[in-house]
Protein chains: 2
Amino acid sequence: MDTNTKLKQILRNEGFRYTPQRQMVWNELRNMGGHHDCEEIYDELKGKGTRVSRATVYRTIEVLARNGLIRKLEVGDGVARYEAKEDGNHHHDHMICIETGDIIEFYNEELERLQEEIAEKHGYELVRHVHQLFVKKK
Amino acid sequence: MDTNTKLKQILRNEGFRYTPQRQMVWNELRNMGGHHDCEEIYDELKGKGTRVSRATVYRTIEVLARNGLIRKLEVGDGVARYEAKEDGNHHHDHMICIETGDIIEFYNEELERLQEEIAEKHGYELVRHVHQLFVKKK
DNA sequence: AGCTCACATGAGACTCAATATCAATAAAGA
DNA sequence: TCTTTATTGATATTGAGTCTCATGTGAGCT
Ligand SMILES: [Mn+2]
Ligand SMILES: [Mn+2]
Ligand SMILES: [Zn+2]
Ligand SMILES: [Zn+2]
C-alpha cells in the first residue's frame, strides 16, 4: 500500500477528512527527511508554489502526530520539530550536538528495557519517554 | 556554611551582586521544595507581601541555573520548572504521571553508564542529558 | 560614613511559537 | 447533485519568556 493510501486510511478511520493540504504536509515532511519544524515545512511548501496556510500546517502536524504518522521532538530551543515515521522506522532517541545542532539517532535495547523496569518498580506503566543526549565532538 | 552564605559566595565569585531579590527567590524555591515554574515562585513571593518583579524572578532563576544552584526541568507543557539543588542532592531524572501530573524522581546507575557509553561510541562527549518517563498508575 | 558607578531592579513593551476565531470552502455520504 | 459538517485561510490572540530604559542600590574605595 502506498503512503498516501495509508494516510487516507488512517485519517478516514479516525473520522478525519483526506484533504490535499494534509497530503501535501505529509508528503513534504517525508520527502524532506530528518527533523523539521512547522515553519520549515510551511516555507518549503510555499517555495514550491503550493497554497497552504501556516495555520493548516500547524493543525495538520498536530493531526499526524496524534495518529502516530509523525513524531514530535523538542530539544529545548523553543521550536517543536517533527519527523516522519516511515514504515520500517523503529523507535530511536536523539543525540544533539550542542556545537553544530546536528541530530544523531540512537537505539539501545538495554536502555529501553531498563526504563520499563524502572516504571514497573514504582508501580507505573511506561507510556512514552523522552531521552536526549546533549553532546559535543571529542 | 549556611545556604545564604553559599549563595553569596557563588554569586560574588561569578561577578554577580548579592541582592535581597536573589536571596528571596533562592530561599523561596528551597522552601517550596519540588518542581516549580517562575510564575509560581512569583505568586508565592507576592503572596507574602514581598516586593519582587516578575522580570527579576525570571532573571534570577536564569542566574541560579547558570551557576548550578538550581536545575531546569521541561516536561513539554510549555512552562519551565525548576528545583533547588540541595547540598546532598545527587543527579536524578523524572517520571511524570500523565494522569495526575505527579513528578517522581529516579536514579539508575546502569542507565547513566549506558548513556556515556553511547555518546562515546559515536565519537562524542556527553555534556548533559534529558531523560523523562511519562507513565500512568497500573 | 560618604562617594561613585557599574550592575540590578521594576514596569511595561515586545517577541515569537503556537492557538483560537470565524467566514468561506470543500470532503464525503445520501 | 445536494446537504451536512469538517477544514481551510487570514488574522487576531495567547502566553511564556525577553528586552528596554529610567531609577535604584551593592560594594569597593576613600
Ligand atoms: Mn528510547
Ligand atoms: Mn540521568
Ligand atoms: Zn529521529
Ligand atoms: Zn527533581
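Chain identifiers are assigned alphabetically (A, B, ...) following the order of the sequence lines, protein sequences preceding nucleic acid strands; residue numbering begins at 1 within each chain. Computed over heavy atoms, backbone and side chain alike; hydrogens, waters and symmetry mates excluded. These numbers come from a predicted model, not from an experiment.
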Contacts of E125(B) that satisfy side chain to side chain donor-acceptor pair (under 3.5 Å) - sequence neighbours left out: none
For a quick check under 3.5 Å, do Q132(B) and H131(A) share a side-chain donor-acceptor pair by atom type? no
Over how many whole Å does the gap from F16(B) atom CZ to dA6(C) atom C1' extend? 14 Å
So which one's nearest nucleotide on DNA chain D is more toward 5', V52(A) or R51(B)? V52(A)
Whether the side chain of T50(A) engages the backbone of V52(A) through a donor-acceptor N/O pair (distance < 3.5 Å, no angle test) should be reported. no
Measure the distance from CZ on R54(A) to P on dT19(C) and round it to the nearest whole Å. 14 Å
Is there a donor-acceptor pair closer than 3.5 Å between any side-chain N or O of N67(A) and the backbone N or O of L69(A)? no
Verify whether one side chain among H35(B) and E40(B) offers a donor that lies under 3.5 Å from an acceptor in the other. no
Smallest heavy-atom separation, Y124(B) atom then K138(A) atom, equals C-CG, 3.5 Å
Examine dT25(D): is either OP1 or OP2 under 4.0 Å from a nitrogen or oxygen in the side chain of Q21(B)? Give yes or no. no
Can you sort out which residues in residues 23-37 of chain B have a heavy atom within less than 4.0 Å of DNA chain D? Ascending by number, please. none
So do M24(B) and R22(B) actually touch side chain to side chain, heavy atoms under 4.5 Å? no
Pairing annotation in dot-bracket form, given for DNA chain D with Watson-Crick or G-U pairs under 3.5 Å and | for cross-strand partners: ||||||||||||||||||||||||||||||
Which residues, ordered by chain and number, are linked to V79(B) in its hydrophobic cluster, where ILVMFWY side chains connect at heavy-atom gaps below 4.5 Å, directly or through other members? none
Selected nucleotide, minimal atom distance to R12(A) side chain, candidates dA18(C), dG29(C), dG17(D): dG29(C)
State which of dA27(D), dT4(D), dG12(C) makes the closest approach to the side chain of R17(B). dA27(D)
Assess, by modelled atom type and distance only, whether the side chains of H91(B) and E112(B) contain a donor and an acceptor separated by less than 3.5 Å. yes
If you look at every heavy atom in I61(A) and I70(A), which pair is closest and at what distance? O-CD1, 3.4 Å
Nearest heavy-atom neighbours spanning R71(B) and H92(B): NH1-O, 2.6 Å
Roughly how many Å is it from CD in E14(A) to C1' in dA6(D), rounded to a whole number? 15 Å
If the threshold is 4.0 Å, N to carboxylate O, is there a salt bridge linking R66(A) and E62(A)? yes
Can you check whether T19(A) has a side-chain N or O nearer than 4.0 Å to OP1 or OP2 of dT8(D)? yes
S53(B) or Y18(A): which one's nearest nucleotide on DNA chain C is closer to the 5' end? S53(B)
Closest to the R22(B) side chain, choosing from dA26(C), dA8(C), dT11(D): dA8(C)
List in numerical order all residues of residues 39-50 of chain A for which some heavy atom is under 4.0 Å away from an atom belonging to DNA chain C. none
Taking the side chain from N13(A) and the backbone from Q9(A), do they hold a donor-acceptor pair closer than 3.5 Å? no
Please list, in numerical order, the residues of residues 58-76 of chain A that have a heavy atom closer than 4.0 Å to any atom of DNA chain D. R59(A)
Any heavy-atom pair between the side chains of F134(B) and H129(A) that's under 4.5 Å? no
